[in-house]
Amino acid sequence: MSVNRRFFVIGNWKMNVNQARIQEIVKRMKNSSLNPSTEVVVGCPSCYLSYARQQLPFHIGVAAQNCYKVSYGNVSGEISPAMIQDCGCDWVILGHPERRTIFCESDQFIREKVAHAQLAGMKVVACVCENLEDRQAQRTEEVLFAQMKALAGSISDWSRVVVAFEALWASGTGVLATPAEVQEVLSKLRLWLRENVSQQVANTTRIIYAGSVSSANCQELARLLDLDGFLVGSAALKQDIVDIINARGSQVTESQVSRLERVSHTMM
Ligand code: PGA
């Protein structure tokens, strides 16, 4: 937790919305009081990017859930950063665990996509993940650091990147990661940034957590020293998202908020 890193919540709708569902979620977000010190983004299916952008207030960002590594061409079924921007959106999620597992996306491929997205001026939520076998075999550092290394090689502007750590073993499994387990991994990722990129990048890059975040566990997690927000899946479709956006409470003062807004404007 740091006032230099604006709390960041991205609700990833995955493949679970249509126009009617988007309208419902937008209505809920518009009718709720959302902590203005939290930066809020939604991860939207590509066919609804323009629709979501039109429905949502401007201060809520819209992210594509994936993109390809070139601007245009004969690549059926893919979309490019240029197309996402043409839909009025400036964020993209890359390396999501579902892309890594279901579509077998390699570190190298994700690295190329992150590099192109950065070059195109997109803001990127770059995901790293750990599965149950890795955790049981105590390979957490090895697998996460390998993914970080691949990502870092493609990042030219860290101020436009949010790193998301997903504990796959705690996503939809009924097993919850404890705050101590989450803090341990996030602090290792920050240390990795310090030792392999720079002190400044380690201090300013937002590192967020994913893995069954809900109304029930968000407040306790939000107090963790190295946690700067959440990537939220199933709870993003429910009322929970409001609690998660507000999980940091109102301990940030008004002057800190305006400072955060200034910092995030100069960063983005
Ligand atoms: P979950 O999903 O919050 O449902 O665990 C997170 C994600 O995979 O984006």
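Every number for a ligand or one of its atoms is a count from 1 in the order of the listing.
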**Asked** What protein heavy atom sits nearest atom 9 (O) of ligand 1, and how far off is it?
**Response** H96 NE2, 2.9 Å

**Check: W91 ring centroid to F8 ring centroid under 6.0 Å** = yes

**Prompt:** Should you measure from each heavy atom of K14, which atoms of ligand 1 turn up under 4.0 Å away?
**Reply:** 2 (O), 6 (C), 7 (C), 8 (O), 9 (O)

**Asked** Looking at S171, which atoms of ligand 1 are within less than 4.0 Å of one of its heavy atoms?
**Response** 1 (P), 2 (O), 5 (O)

**Message:** Can you tell me if A235 contacts ligand 1 (heavy atom of the residue under 4.0 Å from the ligand)?
**Reply:** no

**Asked** Near E166, which atoms of ligand 1 are under 4.0 Å from a heavy atom of that residue?
**Response** 6 (C), 7 (C), 8 (O), 9 (O)

**Asked** Short question: side chain of T173, backbone of V175 - any donor-acceptor pair under 3.5 Å?
**Response** yes

**Request:** Report the nearest protein non-hydrogen atom to atom 3 (O) of ligand 1: residue, atom name, distance rounded to 0.1 Å.
**Result:** G233 N, 2.8 Å

**Request:** Before accepting this row, confirm whether a basic side-chain N of the pair D90/R160 lies closer than 4.0 Å to the acidic partner's carboxylate O.
**Result:** no

**Prompt:** Do any N or O atoms from the side chain of N35 and from the backbone of I245 form a donor-acceptor pair under 3.5 angstrom?
**Reply:** no

**Message:** Do V125 and L168 sit in one hydrophobic cluster, given that two such residues count as connected whenever their side-chain heavy atoms are within less than 4.5 Å of each other, even indirectly?
**Reply:** no

**Message:** Show me which atoms of ligand 1 lie under 4.0 Å from any heavy atom of N12.
**Reply:** 9 (O)

**Message:** Using a 4.0 Å cut-off to any heavy atom of G211, which atoms of ligand 1 qualify?
**Reply:** 5 (O)

**Prompt:** Tell me, which protein residue and heavy-atom name are nearest atom 4 (O) of ligand 1, and how many Å apart are they?
**Reply:** S234 N, 3.0 Å

**Prompt:** In terms of side-chain heavy atoms, does E112 have a donor or acceptor partner in Q108 at a distance below 3.5 Å?
**Reply:** yes

**Fill in**
Note: ligand 1 atoms sitting under 4.0 Å from heavy atoms of S212 are 1 (P), 3 (O), 5 (O)

